[in-house]
Amino acid sequence: MHTPVARLVAVSISATFACACAPGAPPTAAQAPVGEWRAYGADKAGTKYSSLNEINRETIGDLRIAWRRSAMPEELQADFPNTAGPRNLQNTPLMVDGLLYMSSVVGAVVALDPTTGNTVWHDHLPPRADGNGLTRGGSTRSLAYWTDGTDARIVTNVGSSLVALNAKTGERYSDFGDGGQVDLTQGFERPVQGWRWTSGPVVVRDVIVVAGVPAPATDILSETQLAPKEMPPDDVRGYDVRTGKHLWTFHVVPRAGEPGNETWLENSWTYSGNSGTWTLLGADEELGYVYLPTEEATGDYYGGTRPGDNLYAESIVALDAATGKRVWHFQTLHHGIWDYDLPAPPVLPDITVDGRPIKALAQVSKQAFVFVLNRETGEPVWPIGERPAPQGNVPGERYSPTQPFPTKPPAFDQQ
C-alpha cells in the first residue's frame with residue numbers, strides 16, 4: 001500500500017467472466033496508476049481494480065476508522081444552513097496525486113487530505129440569478145479527472161452547469177464557458193426548463209462527454225403520469241475540456257435522414273424522447289471512443305405511441321469522442337416496455353477467446369444478462385441470437401416479435 005486512502009475505496013463487481021489474464025493482474029491494461037482511483041470504476045474502463053494488497057483476509061479484522069467526514073462539509077454549512085443530510089449519497093471519491101476528491105450534498109466539489117480528512121479546498125458556488133442564496137446542485141456518483149501533464153482539472157456538473165476546477169487549488173477557470181461554467185439547459189432542439197444528471201461526465205482525450213436528462217418546458221407528465229407520449233430526447237454532447245466550447249451533439253432519437261430514424265415509425269421520432277444515459281459512461285482512451293449505455297424511450301411501460309424498434313433506446317452506442325459520430329451500436333432490447341434501462345457503465349476488459357486477443361466490452365442489464373462485444377467493432381464475442389418474444393394484448397401496443405439473448409456468459413441472477 002502506498003497511501004492510507006486505499007482504506008476508503010469500496011470495490012464492487014458488476015460482472016464476472018473468464019479472462020485470460022495473469023494471476024493478480026487487472027482485466028485490462030487501462031488501470032489507474034498504483035495507489036490512485038481516477039474514475040468511478042478506478043479507470044474509464046471500469047475495471048474496479050487496485051493492486052494494493054496491504055488489506056487482505058488476514059488484516060481486514062484490524063481495520064479501524066481513521067477519520068469521518070460529513071457529506072455536507074462544515075465549510076459549506078454556513079452557505080446552506082437548512083440543508084438536510086442525503087437520503088442516499090452514492091458518491092465514489094477520486095484519489096489522484098495525493099488528494100481525495102468528493103462531491104458534496106449540494107454538488108460542490110471538496111478536496112480532502114486523505115490521511116486526515118481535512119479540507120484542502122472546496123468549490124465556491126456562485127450566487128443564484130434571483131439573489132436568493134447560492135446556486136446548488138446535488139451529489140454526483142463520481143467526478144471526472146483530466147490532465148495534459150501540466151494542467152490538471154476536476155470536471156463535474158453542479159446542477160445544470162458544467163464546471164472545470166483546478167485540481168490543486170479548486171479555482172474555477174474564468175475562460176471556461178461563460179464566466180467559469182456552461183449552461184447545460186441550452187442547445188436542445190425542443191424547449192427544456194431544466195436538466196439533471198446524478199452520475200457525472202467523462203473526459204476522453206480533450207473532450208468532456210455529457211449525457212443527462214432534460215426536463216420538458218411544459219408539464220407533460222401532469223395528464224399522463226405513467227406513459228407520457230412526448231418528452232425531450234436525452235441527447236449526448238461533447239465540450240472542449242479547456243474552453244467549455246460545445247463541439248458536437250449526438251441525437252439519441254435519430255432525426256430525419258440520420259441512421260436509425262427508420263426505427264421510429266409513423267414519425268414518432270418527432271415527439272418521443274428520453275432514450276439517453278442516466279448512468280455513467282465508459283471510455284477507451286486509446287481508441288478515442290466513448291460508450292453510452294442507454295435507457296428506455298418515452299413512456300417506459302407503454303410504447304403504443306412509438307411503433308418500431310426505437311433506436312438508440314436500450315442500446316450500447318460507441319461514439320468517436322472527438323466528433324460525436326456513431327461508430328457502432330448494439331440494441332439489447334427492441335421497443336422496450338419494461339423500463340429495462342441499461343443501469344451501469346460497461347466494463348472494458350482485454351480478453352482472449354480461443355487463442356484470439358479481443359478488446360472487449362461487457363455490459364450488464366436489468367435482465368441479468370451480460371452482453372459481451374468487441375469494443376472496436378460492436379460484434380458479439382459469443383453469439384447473441386434473436387428469439388421469439390411473448391406477445392401481449394394491451395390496446396394500441398405493438399410488440400417486438402423477437403428479442404436478443406446472449407449465449408454466453410450465463411445469466412448472473414434468476415430470470
Side-chain angles (χ1 to χ4, degrees), residues 12 14-15 40-41 46 88 90 138 140-142 157 195-202 209-216 220-221 224-236 250-254 260 263-264 268-269 272-282 290-306 308-319 329-347 361-373 384 389 397 399-400 403-406 411-415:
S12 64
S14 60
Y40 170 81
N88 190 11
Q90 297 181 329
T140 55
R141 288 185 174 90
S142 194
N157 57 282
W195 179 94
R196 62 183 175 85
W197 194 21
T198 58
S199 291
V202 66
V209 183
V210 176
V213 181
I220 292 171
L221 298 179
T224 52
Q225 286 289 339
L226 297 181
K229 174 183 177 181
E230 303 175 23
M231 287 291 281
D234 304 342
D235 290 340
V236 178
F250 175 73
H251 298 139
V252 295
V253 177
T263 67
W264 298 80
S268 57
W269 64 272
S272 301
N274 298 127
S275 309
T277 297
W278 56 257
T279 187
L280 292 112
L281 308 173
V290 61
Y291 301 97
L292 320 177
T294 64
E295 66 163 343
E296 180 73 273
T298 300
D300 286 355
Y301 302 103
Y302 178 73
T305 60
R306 46 174 172 82
D309 280 353
N310 307 142
L311 287 176
Y312 294 97
E314 289 162 319
S315 301
I316 306 156
V317 184
L319 303 181
H329 75 273
F330 184 91
Q331 191 171 43
T332 64
L333 193 78
H334 312 311
H335 187 81
I337 53 174
W338 294 105
D339 195 28
Y340 280 149
D341 306 340
L342 293 179
V347 179
L361 175 149
Q363 177 66 59
V364 297
S365 75
K366 288 183 180 180
Q367 302 103 298
F369 284 134
V370 182
F371 291 86
V372 185
L373 310 172
I384 300 175
E397 186 59 270
Y399 303 89
S400 175
Q403 294 293 353
F405 282 76
F412 58 83
D413 202 351
Q414 179 176 318
Q415 292 181 310

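Residue numbers count from 1 along this sequence. On a predicted model such as this, the values are computed, not experimentally measured, just so you know.
- With hydrogens and angles disregarded, no donor-acceptor distance shorter than 3.5 Å links the side chain of T305 to the backbone of K229.
- Separation of atoms CE (M231) and OG (S272) is listed at 11.0 Å; rounding is to 0.5 Å.
- Proximity of H329 to L311: side-chain heavy atoms (C-beta onward) are separated by under 4.5 Å at one or more points.
- Formation of a donor-acceptor pair under 3.5 Å by the Q363 side chain with backbone atoms of I316 is not found in this model.
- Screening T294, V209, V317 for a side-chain contact (heavy atoms from CB on, under 4.5 Å) with V236, the sole residue that qualifies is V209.
- The heavy-atom pair separating N274 from V252 by the smallest distance is O-CG2, 3.4 Å.
- Rounded to the nearest 0.5 Å, atoms NE2 (H335) and CD (E397) are 3.5 Å apart.
- Taking a 6.0 Å sphere around CZ of R141, one finds it holds more than 12 heavy atoms contributed by other residues, nucleotides or ligands.
- A donor-acceptor pair is defined here as one N or O able to donate and one able to accept, closer than 3.5 Å; such a pair exists between the side chain of D341 and the backbone of E296.
- The closest donor-acceptor contact from the side chain of Q403 to the backbone of H334 lies under 3.5 Å.
- Formation of a donor-acceptor pair under 3.5 Å by the K366 side chain with backbone atoms of P343 is not found in this model.
- The shortest distance between side-chain heavy atoms of N157 and V210 does not fall below 4.5 Å.
- The shortest non-hydrogen separation linking F412 to S365 is CZ-O, 4.0 Å.
- P228 approaches T298 most closely through the heavy-atom pair O-CG2, 2.8 Å.
- A donor-acceptor pair under 3.5 Å is formed between the side chain of W197 and the backbone N or O of W278.
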Exercise for the section: Would you please test T198 and T140 for side chain to side chain contact (heavy atoms under 4.5 Å, CB included) and show each step? Expected result: CA-CA 5 Å; T198 58; T140 55; 5.9 Å; no

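- Although no hydrogens or angles enter the test, the distance criterion places a donor-acceptor pair under 3.5 Å between the side chain of Q331 and the main chain of A313.
- A heavy-atom distance below 4.5 Å is not found between the side chains of T332 and Y340.
- Taking CG of L373 as the start and OH of Y291 as the end, the distance is 10.0 Å to the nearest 0.5 Å.
- Side-chain N or O atoms of S275 include none that pairs as donor or acceptor with a backbone N or O of Y312 at under 3.5 Å.
- Taking 4.5 Å as the limit, some side-chain heavy atom of N310 sits within range of a side-chain heavy atom of W264.
- Residues G260 and P254 come closest through the heavy atom pair C-CG, 3.7 Å.
- A distance of 9.0 Å separates CG in L281 from CG in L319, rounded to the nearest 0.5 Å.
- For Q367 (side chain) and Q415 (main-chain N/O), no donor-acceptor pair under 3.5 Å exists by modelled atom type.
- Summarising the geometry, atom CZ belonging to F330 is positioned 11.0 Å from atom CG belonging to L361; distances are rounded to the nearest 0.5 Å.
- In this structure, L333 CG and D309 CG are separated by 9.5 Å, a value rounded to the nearest 0.5 Å.
- Taking both residues in full, the closest heavy atoms of S400 and A389 are given as O-CB, 3.7 Å, listed atom of the first, atom of the second, then distance.
- Using cut-offs of 30° and 60° on the angle between ring planes, the pair F405 and F369 is perpendicular.
- Annotation: side chain of V370 is in contact with side chain of V364 (closest heavy-atom distance under 4.5 Å).
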